[in-house]
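In what follows, every heavy atom counts, from backbone to side chain, and hydrogens, waters and symmetry copies are set aside. Since we're looking at a predicted model, the values are computed, not measured.
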Amino acid sequence: MIAGVLPLRRATDAGQHWTEAGVFEVADGVHRIPLPMPGDGLAAINVYALETGKGLVLIDTGQSSDAARETLARGLAALGESFESVHAVAVTHVHADHYSNAAEIRRCSGAEVALHVDERESLRRAAEPEFVGHEPHLRSLLRAGATGWTDDVPARPEWRSWSFRDFEDPDRWLVDGDSVAEGTLEVVHTPGHTRGNCVFVDPLRGAVFTGDHVLPRITPSVGFESVLSVNPLGAYLASLGALLDLPDARMFPAHGPVVPVLHARVRELIAHHETRLSGFADAVASGANTAYDVALVSTWTRHERALPELDLFNRTLAVNETLAHLELLVVRGHLTEVVDDRGVAMFRMADQP
């Protein structure tokens, strides 16, 4: 192996965790390059490099860090390419681990960067001088009734990553039905994780690049953005349903291994959220009136941890996702909601006087 170049590996190599460094040919002309995410529980993100007649197209870019850029450069070198070979970048959504490297790649290569137009509002808001990254989610926590620990939020340095201030606008704003990668990929708008989230469908290869919209082992957060969405869980479930209307395909996620059957995982995610909705409704029926109260009597992650066992960041995700579930139950007519004089949303069963 040449020093400084990642090993070329087959996607079927046994005994390898998906985060292991290398360049994996996952389809004809498609290479998965895991990039490190130091300090993040997800550990790595898959960047996909697609060969086209004009050069390489990247799907997502990794975090803006020296470690991520160096790993990506070594991966491209293993293909006999470099940043200068990249002529386009297609990004699934605006989160930092997907988008924040895009501007630097563009400076190195002149590549066109493409992002869905519904991410524009989040980028614009986050670029305003007075914007503070944690504020929208702090307001949501207060609405959820999580008043006991919200003072900790502004003091934590990791919340700076919620700010998009260092991001740049893309060259091209995508809309549903557009194509990228020399027309080989179709853009499908799948709001929920963020309002401008999208997946890229490759009908010839029978593949869908799902970003965070569909992940093989975890459920993505919903509505985690600098301008909060209305009913993000409702949008997410509708987006999942729309994927079932497409032909089944191989799933190329941002975090995790390639999965041979997309529809099966989509159905699992829909079932998971329906189970969550039912459980949260039962919690309200048993007397939990706020999203924070419901989150406290629920368990989290695959390890079924109690809310206080989670770190601050994941506690915030858990409480805000509970609020999203309860608000969808209001939309469906199962719950009613009243905001008290503190700004806290109080929930009760719709048939309760």
Side-chain angles (χ1 to χ4, degrees), residues 1-13 16-38 40 42-93 95-115 166-168 170-172 180-185 200 202 204-205 207-212 250 252-258:
M1 182 176 66
I2 300 173
V5 177
L6 292 182
L8 281 169
R9 290 173 167 153
R10 295 182 57 83
T12 54
D13 283 355
Q16 294 170 341
H17 194 267
W18 73 271
T19 60
E20 185 175 338
V23 180
F24 300 84
E25 187 172 15
V26 291
D28 185 27
V30 179
H31 307 275
R32 182 178 68 84
I33 308 175
L35 304 186
M37 294 171 56
D40 193 294
L42 292 172
I45 178 172
N46 293 321
V47 169
Y48 295 93
L50 282 64
E51 299 173 8
T52 75
K54 289 188 175 180
L56 296 178
V57 172
L58 299 184
I59 297 179
D60 289 334
T61 68
Q63 288 180 333
S64 180
S65 70
D66 290 340
R69 281 188 290 273
E70 289 170 6
T71 302
L72 181 56
R74 292 171 60 208
L76 297 179
L79 299 173
E81 307 286 359
S82 66
F83 283 125
E84 288 74 15
S85 309
V86 179
H87 80 92
V89 176
V91 183
T92 57
H93 64 288
H95 286 166
D97 54 328
H98 297 256
Y99 190 62
S100 62
N101 236 354
E104 185 62 29
I105 292 172
R106 177 168 58 190
R107 280 189 282 274
C108 293
S109 64
E112 177 188 77
V113 175
L115 180 72
D166 296 330
F167 289 8
E168 298 177 8
D171 304 289
R172 179 184 174 193
V180 294
E182 303 304 304
T184 61
L185 298 181
F200 301 109
D202 187 337
L204 292 179
R205 293 186 177 98
V208 180
F209 298 89
T210 59
D212 286 356
R250 296 177 71 202
F252 294 179
H255 307 283
V258 173

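Within the model, atoms OG of Ser109 and CG of Leu58 stand 8.0 Å from one another, a figure rounded to the nearest 0.5 Å. In this structure, the separation between CD1 on Ile45 and OG1 on Thr71 is 12.5 Å, given to the nearest 0.5 Å. The distance from the CZ atom of Arg74 to the CG atom of Leu72 is 11.0 Å, given to the nearest 0.5 Å. Separating the CD atom in Gln63 from the NE2 atom in His95 is a distance of 12.5 Å, to the nearest 0.5 Å. Within the model, atoms OG1 of Thr210 and CZ of Phe252 stand 10.0 Å from one another, a figure rounded to the nearest 0.5 Å.
His87 and Thr52 are linked by a side-chain donor-acceptor pair at a separation below 3.5 angstrom, with hydrogens and angles left out of the test. If you check the side chains of Asp60 and His93, you find no donor sitting under 3.5 Å from an acceptor. A side-chain donor-acceptor contact under 3.5 Å links Glu84 and Ser82.
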Practice task
Under the side-chain hydrogen bond (donor to acceptor under 3.5 Å, both in side chains) rule, what do Arg69 and Ser64 come out as? Steps first, then yes or no, please.
Solution key: CA-CA 7 Å; Arg69 281 188 290 273; Ser64 180; 3.2 Å; yes

Problem - Test side-chain contact (heavy atoms from CB on, under 4.5 Å) applied to Glu51 and Glu81, step by step - result: CA-CA 10 Å; Glu51 299 173 8; Glu81 307 286 359; over 6 Å; no

Handout entry: Chi angles and distances behind the side-chain contact (heavy atoms from CB on, under 4.5 Å) call for Glu182, Val57
Key = CA-CA 9 Å; Glu182 303 304 304; Val57 172; 5.5 Å; no

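Proximity of a side-chain donor or acceptor of Asp171 to a complementary backbone N or O of Val113 within less than 3.5 Å is detected. For the pair Thr61 (side chain) and His98 (backbone), a donor-acceptor distance under 3.5 Å is present. Between the side chain of His255 and the backbone N or O of Ala44, at least one donor-acceptor pair lies under 3.5 Å. In terms of modelled atom types and a separation under 3.5 Å, the side chain of Ser100 and the main chain of Asp97 share no donor-acceptor contact. Using modelled atom types, no side-chain atom of Arg250 and backbone atom of Arg205 make a donor-acceptor pair closer than 3.5 Å. Of the possible donor and acceptor atoms, one in the side chain of Asn46 sits under 3.5 Å from a partner among the backbone N and O of Gly256.
Residues Thr92 and Phe209 are not in side-chain contact: their nearest non-hydrogen atoms beyond the backbone lie 4.5 Å or more apart. Within the 4.5 Å cutoff, side-chain heavy atoms of Phe200 are placed close to those of Val180. The shortest distance between side-chain heavy atoms of Val47 and Asn101 does not fall below 4.5 Å. Contact check for Thr184 versus Leu204: no side-chain heavy atoms found under the 4.5 Å cut-off. Residues Leu50 and Ile59 form a side-chain contact, since some pair of their non-hydrogen atoms from C-beta on lies under 4.5 Å apart.
Across Asp212 and Ala254, no two heavy atoms sit closer than the pair OD1-CB, 3.5 Å. Across all non-hydrogen atoms, the minimal contact from Pro34 to Thr19 is CB-O, 4.1 Å.
Both tests do not hold together for Arg32 against Tyr48: distance to the six-membered ring centre under 6.0 Å, angle to the ring axis within 45°.
Ring pair Phe167/Tyr99 is perpendicular by interplanar angle, where above 60° counts as perpendicular and below 30° as parallel.
By the 4.0 Å N-to-carboxylate-O rule, Lys54 lies too far from Glu112 to be salt-bridged with it.
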